[in-house]
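Notes follow the structure.
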Amino acid sequence: MDKITVQKGQVLHRKGEPVQSLELLLAGAIQMEDGDDLDIRLSGGTILGASYAPGDTYAFDYTADSDSTLVVFDYASEDDIFEAVTNTPAIAPVIAAASMRNAAAMLDALSAASDAADALCKELAEQYREYAILCVKAKKAPASFPVVECLSAPEPSGLSSGWEASLCRAACDHQGELKKAFYALDLSFCFATVLRASHFEAKVRQELAAYAAFQEQTKTAVSPFVSAYYQAKARVEEQMRNGSGDVPVIAHALDMILAFSGVAPELADAFRKDIEAYTAAEDRFAKSDAMRLLRRRITDTFYAIYESAFWRSMDAETVPLEVRMFFLFGFVDETLAGRSNTDLLARIALDWEEDPEGRILSAYEWLARIYRGTAVPSKDEFDNDWESHLREEKRNKTISADEEKELQTDRRAMVQFEIQHMFKLVNRNTYGRLSSFVPVFHAQNVLRPLDKSLASPAKVRETFDRVLAIDYGCFYRQTRVALPQFKIPYFFYHTEVKPYILLMPNVGSRGVMWQEIEGARRTTPAHMMLSIFHSEDLYETVIKMCAIFRWELCRRIQGVRYADIQDPSLTAEYMNYLLFYRRDGYLSSEAKEHIKLSLQKARNDYKKVFMSDYLKYIQNESAGMPKLTKPAREILFRYCTFAKDLRTLRGSNPQYRQLMERWSVKQSGRIHNLDLVVRKIERSHPEALPPEVEEERRYLSL
């Protein structure tokens with residue numbers, strides 16, 4: 001038994017090396033990695049090697065994430081694992097808890113691998129259907145690819161939903177109690193827990209290897225089809241260009257962008273060299289120290305060039321197409337992006353149409369609005385708006401009172417605040433894969449055809465309209481106005497405040513609900529963000545953003561009482577339902593088990609459970625396919641009532657009949673109260689109703 005120290009960044013074991021020892025991690029952290037497929041941080045108490053048999057080979061790389069101290073034991077049999085646990089009785093409960101945490105992390109990785117396999121098969125199936133259409137357009141007979149026609153994802157083994165998986169998750173959820181009341185009772189309990197978790201990890205590792213092999217074999221087998229698909233796509237795009245006007249050939253785009261931005265020559269040269277190195281890299285998602293450093297340099301320089309080019313564009317009469325592509329998509333180089341992608345980006349940039357309502361904007365258009373004074377900056381990561389941020393800076397003595405006063409109307413400073421505290425963070429968050437993020441557009445990041453994944457203003461508006469056709473009141477808020485001329489001290493009415501949707505310049509997979517209001521006023525628009533090329537289901541992403549908006553707006557309105565059931569609200573009732581579902585006699589044992597699993601999957605985050613239920617409510621319940629428990633359905637219908645057409649359609653459904661009757665009674669009461677107000681106003685001023693009253697009348701008619 002020896003004690004060793006490993007420096008940050010040092011590789012402890014490489015994939016393929018034989019397992020000859022056990023290492024007990026006393027302090028620090030070890031990163032268990034396998035490219036982009038797996039990245040798990042092992043913390044103190046982990047016994048490295050316990051999930052392998054002696055003589056096996058490591059399936060992953062193990063690298064120190066920080067300076068770490070380990071105790072090394074010889075490893076010839078399971079008895080050596082027992083020795084590692086019993087020789088350190090003081091931390092044996094920590095070792096047991098860490099083993100279960102690591103097993104749970106492996107389960108998460110298995111779920112991600114299963115999702116990736118499904119996504120690959122769906123994407124190839126979609127491309128195969130499109131390939132036939134492309135060949136017809138190109139007037140060429142499509143080739144047959146049986147391997148794609150018969151492709152299907154591996155059937156899940158059930159390991160992630162079996163009793164062992166439930167045991168791991170339960171142990172993680174109650175690790176504090178287990179450390180005190182179970183692991184601490186006897187070292188044998190700790191050893192049994194470590195052994196159980198290790199055996200389970202070995203099973204999960206085998207399935208991960210199977211999924212990795214499936215991905216590799218599939219990509220190799222379908223490579224002829226992928227090549228034929230993109231050739232057909234290129235031919236059709238060429239025909240379209242010839243038929244509707246030539247798109248300018250983009251060449252030396254980086255030189256144009258750097259020249260337009262006017263950045264210092266040394267910064268331009270450094271960025272050019274980094275882009276050349278990044279273009280030459282075989283695996284741009286590699287997690288080596290050198291690649292991480294390269295991505296970080298590119299990211300930092302990208303935003304400096306973006307800001308400089310933005311200021312130039314505000315004064316320029318015309319903006320070159322290459323720079324417009326840079327602003328819209330993060331495009332910097334035609335070689336890095338690929339010729340076909342570059343041509344398509346140029347076409348999209350030339351044909352770009354702004355949202356007629358001015359609500360769905362590219363990130364560049366949003367920054368331009370702030371600079372022109374027609375929009376206010378978003379809140380920062382600490383929920384501070386521009387004025388709150390300045391007050392905080394003055395409180396910290398970073399700026400003086402006079403500087404605070406000047407900065408309140410300094411639009412240039414506002415744009416810089418927006419870039420630093422929103423743009424940089426959200427651009428990375430919408431991208432999805434944080435560890436490999438780089439803001440420049442490159443071909444290896446294109447997972448779906450760009451024309452299919454483009455989140456244009458028209459497509460985004462259409463998607464939001466689909467949600468609002470079901471949850472019509474999503475963006476309506478109740479507010480109050482005084483009507484003294486009619487002797488009405490206060491009048492409550494509902495007004496619709498649609499959000500700003502900002503399209504971030506990346507190819508990403510996530511939507512972000514950044515803030516529910518601007519400043520302190522509740523009748524200001526929310527800010528939501530999407531990747532301009534969205535690789536996931538846009539409709540599902542929009543539904544999730546609307547769910548988060550509803551939850552966060554309710555929390556904002558309710559304040560500290562957002563969880564107080566005595567003041568009923570969406571958040572209060574939903575949290576009460578999830579807290580006390582076990583006591584609900586109307587729920588079946590199956591329903592209670594389903595709620596339990598939902599909470600476990602969401603790690604007891606009630607907002608995530610609500611988001612999942614809201615997704616089912618919009619996608620399934622509105623279509624007549626019941627997916628929710630009775631309490632969840634009642635709460636959602638009460639606060640997210642279906643639109644009129646759906647109420648008529650679902651009103652005869654036994655599951656909604658009582659809900660509809662109660663809602664109709666309450667709605668009749670609201671209409672009656674409004675009629676009393678209207679009569680009172682018309683008696684003294686019959687010529688016209690106030691706009692607030694008209695707006696409430698329209699809302700009640702929906």
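Note that this is a predicted model, so its numbers are computed, not measured.
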**Message:** Hydrogens and angles aside, do H534 and S453 bring a side-chain donor and acceptor to less than 3.5 Å of each other?
**Reply:** no
**Prompt:** Between Y62 and H13, how do the two ring planes meet: parallel, tilted or perpendicular, split at 30° and 60°?
**Reply:** perpendicular
**Message:** Measuring from atom NZ of K452 to atom CD of E123, what distance do you get when rounded to the nearest 0.5 angstrom?
**Reply:** 10.5 Å
**Message:** I'd like to know whether the aromatic ring centres of F271 and F302 sit less than 6.0 Å apart in this structure.
**Reply:** no
**Item:** Ring-face cation contact, F285 with R295, 6.0 Å cut, 45° max
**Value:** no
**Item:** salt bridge (charged side-chain N to carboxylate O under 4.0 Å, His left out) between D255 and R272, worked out
**Value:** CA-CA 9 Å; D255 293 335; R272 188 178 286 106; 3.1 Å; yes
**Asked** Could you state the interatomic distance from OG (S378) to CG (D383), rounded to the nearest 0.5 Å?
**Response** 11.5 Å
**Message:** One thing to verify: whether R339 and D343 come together as a salt bridge, which I'm taking to mean a side-chain N less than 4.0 angstrom from a carboxylate O.
**Reply:** yes
**Complete:** One should read off an interatomic distance between E201 CD and L110 CG, to the nearest 0.5 angstrom, of 12.0 Å
**Asked** Centres of the F191 and F82 rings: under 6.0 Å?
**Response** yes
**Message:** Students often mix this up, so state it plainly: with edges at 30° and 60°, are the rings of F326 and Y306 parallel, tilted or perpendicular?
**Reply:** tilted
**Asked** Is any side-chain heavy atom of Y278 closer than 4.5 Å to a side-chain heavy atom of H442?
**Response** yes
